[in-house]
Every structure is written in C-alpha cells, then in structure tokens.
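Input: a single structure, listed below in structure tokens.
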Amino acid sequence: MEPVRYDDRQKIVRLSTEIVTARRKRNWRKYIYCGLLLFPLVALIFGFFVIPMLYILYLSFIETKGETNAFYSIGNYVHFFTDSYYLHSLWLTIKISLYTVVVSLLLGYPVALTMAKCSPRVRGLLTLLVASPLLISVVVRNFGWYLLLLPNGTVHQLLISLGITTSPPKLLFSEIGVVIGLSNAYLPFMILSIATSLYNIDPSLEKAAAILGAGPLRSFWSVTLPLSLPGIVSGVVLVFSMSMSAYVTPALMGGANVPMLPVVAYDQIINLLRWTYGSAISYILLGITLIMVTIFTRMMEKGRYREVFR
Amino acid sequence: MQTVVNDVEIRGVYKQIGKNVILNGIDLQVKQGELLTLLGPSGCGKTSTLNVIAGFLDIDKGEVFIKGKKVTHIPPYKRGLGMVFQTYSLFPHMTVYENLDFGLSLRKVPKEERKKRIEQALDLVKMVGLENRYPRQLSGGQRQRVAIARALVVQPMLLLLDEPLSNLDAKLRYELRAEIKRLQKEVGVTTIFVTHDQEEALSLSDRIVVMNKGIIEQVGTPTEIYEHPCTEFVFQFIGKSNQLEGKVKTVDGRMVCIELEEGVQVLVESKNMMGPERSYSIGDEVKLYIRPEKLTIQEQESEPEIFYYNKYNASIVQMNYLGSAWEIELLLFGKRVQVLQAFVKSDWKIGAEVTVGWNPSDMMIVKK
C-alpha cells in the first residue's frame with residue numbers, strides 16, 4: 001500500500017469540512033428567506049384566525065347564569081345535545097348538506113364528463129361557463145332565485161301552465177329552496193374537482209376496455225367511474241363542508257322555516273347576545289363536519305380504491 | 001374459389017381529418033397466422049390503420065373485413081380482438097388477475113374455466129405468482145407482459161400491438177421482442193404489429209408493410225424489403241444508404257451503364273430499378289443507391305480474389321469503430337461514401353488509398 005503523504009491528508013480533511021460548513025450556511029439562509037416570505041401571511045392567519053378561533057373555543061366553555069354570574073363548564077354543550085330544537089337544527093343541517101351533495105353530484109358529473117371528452121377549446125369555454133356563478137355575489141344570486149321561486153312566481157306559473165301540477169310545492173322559505181340555492185352556488189366546485197380527476201385518466205384505458213368487449217356503459221361503470229373517485233371524494237367533501245357552514249343562502253332562501261345551524265349560531269350571537277352558547281354551536285358544527293368528512297374519506301380509501309388514490 | 005385465407009382484408013380505405021388526408025386508399029390483406037408489421041415514420045398512418053382495424057377510427061371510404069365478415073361500421077367492443085398499447089393501459093384499480101378477468105367475465109365464460117385460462121395466459125408470459133399485484137407494483141416489462149396476457153386470454157381473432165415496446169429500455173425491448181415472436185408462433189394468432197423501429201420490424205415480422213404519408217409504399221418479407229425495395233422511400237427509410245448521381249450511358253439487356261462524371265462509369269443490374277417508372281433511355285438523369293455493407297474495401301496492391309464489376313480507387317476520410325464492425329468513410333468520385341467492414345487491415349489509416357468494389361446487383365437505381 002502506498003503511504004499517504006502528510007500534506008495530502010491535510011488537504012482531504014480540510015476539503016470535507018469546507019463542504020459541511022458551506023451546506024450549513026446555505027440552509028440557514030434558505031430558512032431565513034422562507035421565513036421572511038411566509039411571515040405576512042402567517043401573521044395574518046395567526047392574528048385574525050387562530051387567536052379568534054381559540055377565543056371562541058374559550059368562550060364556549062363559559063356558562064352564564066343571570067346577569068353577572070359566569071363560570072367554566074361544559075353546560076353549553078350539554079344544553080345543545082339535550083334540547084330537541086337544536087338537535088333538530090343539526091339534523092336539518094346535515095340533511096340539507098347531503099341533499100346538496102347528491103344534487104350537485106348528479107348534475108355535475110355529466111358536465112365534468114363532457115368537459116373531459118371535448119376538445120381543448122370547448123373545454124376552456126365550458127370551464128368559464130361552469131365557474132360563472134362564482135363571479136356573482138351570493139346575495140345577488142340568491143335574490144335572483146328569490147324572484148323565480150316566489151309563491152306564484154315564474155317557476156310556479158311554469159309548472160301550472162305545463163300541466164305538471166295544479167298545487168306546486170312551496171319552493172321559497174323551504175328546504176327545497178335552500179337545496180336549490182346551495183347546489184347552484186357549489187356546483188362549480190363539484191364539477192371542477194371531478195373534471196380534474198377525469199383529465200388524469202389515460203384515454204387508452206377506455207380503448208383497452210372497449211377492445212376487451214366492454215360497451216360504453218360497462219366501460220364507464222368499470223373503468224371511468226372508479227378512476228374518477230378521487231375527484232368525486234374531493235368534490236363531495238368540499239360541497240358538504242361548505243353547505244354545512246353556509247349562512248347567506250339558508251338565511252335568505254329558508255328564512256325562519258329552515259333554521260340551519262350557522263343561522264342559529266348567528267342568531268344566538270348577534271340577536272340574543274348569547275356569545276358563549278353561539279360559540280359552542282360553532283364548535284359543534286365544526287366538530288361534526290370534521291368527523292363526517294373523515295369517516296367518509298376513510299371509507300372511500302379502503303381496499304382496491306387505495307390504489308386509485310395513490 | 002379462394003385458396004389463401006385472409007384474416008383481415010382492407011379495401012380502399014380513405015380517411016381525412018380536417019384538411020389532412022390520413023389514409024389515402026389503403027389496400028391490405030393479412031394472412032391467417034402471420035405476423036404483419038406496419039412500419040413507417042411518425043404520421044405515416046400506421047397507427048391509424050391499426051385503429052381502423054380495431055374500430056377506433058371511423059373511415060370516410062372503403063371496407064374492412066375480419067375473418068370474412070364486414071366490420072366497417074361495427075364498434076370495437078363487438079369485434080372480438082385483442083390489443084396491446086404503448087402505455088400498457090392496465091386498469092390501475094384492478095389486480096393482475098382482475099385485469100385478465102375483465103374480458104373473460106364480459107364474455108360470460110364460466111368461473112372455473114376463467115381461472116384456468118388466466119393461469120394459462122400468465123404461464124405463457126411467465127408472470128405466474130403475481131396475480132394479486134396491482135399494476136403500480138410491477139416494472140415496465142412486467143406490465144407489458146400482463147397487457148399481452150390480457151389481450152391473449154380472451155382468445156382474440158386478431159392480436160393488435162401498437163408500439164408495445166417503445167416505452168421500454170433497450171435491453172428489455174430486445175428481450176420482449178423475442179418473447180412476442182415466440183408467443184405469436186406458439187399461440188398462432190394472426191398479429192398486426194405497429195412500430196417505427198426498423199430493426200424490430202425486420203427481426204419480428206413474417207411480412208412488413210412500409211407506409212409513408214397515408215399510402216402503402218411496399219408490402220413484402222423482411223428480406224424483400226431490405227434487399228429489393230420498390231421505392232426510393234423504402235430504401236432510404238430502412239437501413240443506411242449511400243447516394244450517387246449520374247446519367248444513363250448505355251443499356252444492354254441485363255446491365256445498365258451509368259456515367260457519374262467524365263470517364264467514370266458504373267454498372268447496375270437493370271432489374272434493380274425502383275420507383276413508378278421502370279424504363280430507361282440513354283441520357284436519363286438517375287440516382288444510385290447502395291448500402292454500406294455491400295461495399296468492400298480491398299488493399300490496393302492485392303490480387304482481386306473476387307471479381308467485382310465495379311472497382312474504383314478511393315481514399316479513407318474517417319474510421320469509426322462500432323464494436324462489431326468498422327464504419328469507414330471514403331472519398332469516392334469526390335463524394336463521401338460509408339462502408340461497413342467487418343475487419344480492417346493495419347495499414348488502413350485516414351488518408352490511405354484503397355480500392356473499393358461492389359456487385360452491380362447490389363446497387364439500386366431510380367430516375368430523378
């Protein structure tokens with residue numbers, strides 16, 4: 001073996017330490033830059049979202065008795081789950097959100113499928129059309145529906161003149177009205193998330209299914225639908241959680257007849273000035289939405305579909 | 001009475017998309033049990049022809065017959081074919097077993113038989129034991145094997161392969177190419193193979209169809225295509241070629257004498273004419289083509305062991321070692337000409353004077 005000369009070794013040792021220090025220095029800088037770039041947003045979220053949320057959580061555990069008496073307890077939560085009015089309101093919120101999800105899924109999937117099948121130019125146009133409801137203010141959009149759905153309004157007259165029914169159902173200030181309003185508002189989210197997952201399906205898969213003997217229906221059922229599941233799941237989760245927390249549409253289209261939880265919480269805080277109880281309702285709404293969304297996604301990502309979601 | 005059974009017959013197929021004519025009158029017969037390759041540069045219409053047979057491409061004019069049955073307007077899912085795609089196209093949410101089972105369950109094959117046939121098909125492509133894997137858990141080569149098994153398990157009337165090897169690395173491509181050839185002979189299924197790789201086409205096929213710009217240039221066995229190309233395009237597309245230019249000087253039955261420049265003449269066999277026009281008259285401007293491996297370098301002083309009709313002096317310009325052979329570039333009649341030589345002598349160096357010779361039957365001729 002050839003002996004290593006002294007100065008060679010010196011050089012080697014120095015080289016390796018140089019590399020290490022250089023890398024450490026660069027990382028330090030990178031972190032500083034990242035921190036500086038993120039700081040404004042982090043500060044904003046922390047100051048105006050995280051702290052108020054924690055404050056509301058704190059409030060929700062305060063029970064008030066009379067004018068001045070306040071103490072820590074879980075009484076607000078107990079009250080919610082023992083009063084049938086609030087339980088009914090919770091059930092109503094979940095029911096209407098699920099209806100909205102089903103309606104927007106059934107109406108949205110064919111649109112998404114069309115977007116995935118058509119030429120890039122038509123696709124661009126369709127995307128614009130689909131997103132167009134988002135360009136109008138929620139209030140303006142709801143008042144538009146208001147005019148259409150009024151008792152003896154346009155839709156009613158149309159139903160009667162077409163001879164479909166003589167006594168049309170109540171559309172405004174009813175669950176139907178809220179579902180119509182919410183579906184209209186959140187359909188773009190459903191369509192765009194399904195379409196995105198449909199774009200990612202290799203078009204030759206459908207060809208492979210066809211050559212193996214699957215007609216269009218079978219090919220859709222066995223190949224396209226399962227592979228679009230990630231889009232369906234994200235669309236359902238988006239629409240469901242947005243419907244659960246919607247305030248303007250239920251307030252305008254449902255009024256007092258459809259007391260969904262956000263409306264009830266608003267009422268408690270703004271009109272009845274029961275801040276602590278309103279806070280508890282908000283947290284119950286948040287918790288139930290999170291639990292339902294988690295259970296749903298866990299269920300969907302089981303078994304063979306785990307492969308699809310990777 | 002028909003003596004040859006044609007599994008596929010295409011007559012006068014014409015297809016236009018927008019202003020582009022994609023297929024311009026394709027006539028093609030595929031014999032029972034043969035492996036036919038559609039070869040050509042990208043955009044020549046080879047994949048479109050395959051899609052016409054599969055039923056994915058609706059044609060404007062013409063007729064398509066499979067096993068004597070007219071299928072021109074029958075959708076792909078009623079044609080009973082098998083197909084392998086460039087991108088494997090395995091269903092990602094199904095295991096290997098389920099992928100193979102997909103076509104069988106649609107054909108309402110009883111469950112017991114399905115299991116037996118899937119086992120056989122996997123055995124054929126050497127993929128036994130991987131039934132419960134998902135496609136994502138397989139390598140590229142394994143995926144393509146499964147795709148081939150999936151196409152074969154339904155016992156298709158035809159096997160269509162759309163550039164199945166072009167997504168694989170070189171070594172795997174070579175391996176799977178041999179595998180496909182073995183499988184095809186073993187199963188005996190009539191196969192149509194699309195590729196842009198001429199080596200693949202030459203080594204695999206019973207017959208090759210060379211396509212260009214929506215028309216068929218030539219149909220023939222690999223040796224016919226390589227040794228006796230019908231058109232200039234086929235000669236240039238397949239293999240390497242040297243080009244010379246000249247004028248017809250004399251024509252005598254078997255041989256044509258071409259004058260390249262003042263006092264330099266070469267002989268070409270008159271039957272080696274390519275292109276639509278097959279007659280010569282004296283004074284015609286022509287192009288001459290010869291492949292590098294048909295040229296032979298001899299030492300200047302040595303006695304000619306083989307008698308070449310065409311023998312000229314040339315100087316070596318460049319020598320490239322390819323491992324299995326030497327690629328030598330010569331300056332011949334003031335033009336650069338490539339020669340493929342299995343051996344070199346030690347005194348062949350850049351600048352050395354050598355004699356190059358070739359047989360008149362190896363040179364192809366086409367009118368300008």
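Here the structure is a predicted model, which means the values were calculated and not measured. Hydrogens, waters and symmetry mates are skipped; everything else that's a heavy atom, side chains included, is used. Chain naming here is simple, since letters A, B, ... match the order of the sequence lines and numbering starts at 1 in each.
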Whether over 12 other heavy atoms sit under 6.0 Å from [X] [atom1]:
| X | atom1 | result |
| --- | --- | --- |
| Leu128(A) | CG | no |
| Glu112(B) | CD | no |
| Lys185(B) | NZ | yes |
| Tyr174(B) | OH | no |

**Q.** Residues of residues 206-234 of chain A contacting chain B, heavy-atom criterion under 4.5 Å, by residue number
**A.**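 Hits under 4.5 Å: Lys207(A), Ala208(A), Ala209(A), Ala210(A), Ile211(A), Leu212(A), Gly213(A), Ala214(A), Gly215(A), Pro216(A), Arg218(A), Ser222(A), Val223(A), Pro226(A), Leu227(A).
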
Q.
Less than 4.5 Å to any heavy atom of chain A: does that hold for the side chain of Gln86(B), its backbone, both, or neither?
A. neither

Q) Which bit of Asn51(B) is near chain A, if near means a heavy-atom gap under 4.5 Å: side chain, backbone, both or neither? A) side chain

Q) By number, which residues in residues 101-109 of chain B have some heavy atom less than 4.5 Å away from chain A? A)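 Phe102(B), Gly103(B), Ser105(B), Leu106(B), Arg107(B), listed by number.
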
(Q) Just to be sure I understand the criterion: a residue of residues 63-74 of chain B counts if one of its heavy atoms is under 4.5 Å from a heavy atom of chain A. Which ones qualify? (A) none

Q.
Could you work out, with side-chain hydrogen bond (donor to acceptor under 3.5 Å, both in side chains) as the rule, every residue matching Arg207(B), not counting sequence neighbours?
A.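 Checked Arg207(B) against side-chain hydrogen bond (donor to acceptor under 3.5 Å, both in side chains); matches are Glu34(B).
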
Q. When heavy-atom pairs shorter than 4.5 Å are enumerated against chain A, which of Arg79(B), Arg150(B), Gln137(B) gives the highest number?
A. Arg150(B)

Q: Report the option among Asp162(B), Val153(B), Thr87(B) that has the most heavy-atom pairs separated by less than 4.5 Å from atoms of chain A.
A: Thr87(B)

Q: To the nearest 0.5 angstrom, please state how far the CD1 atom of Ile201(A) sits from the CZ atom of Phe91(B).
A: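 It comes to 11.5 Å.
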
Q) Where is the tightest heavy-atom contact between Pro92(B) and Leu205(A), given as atom of each residue plus distance? A) CD-CD1, 3.8 Å

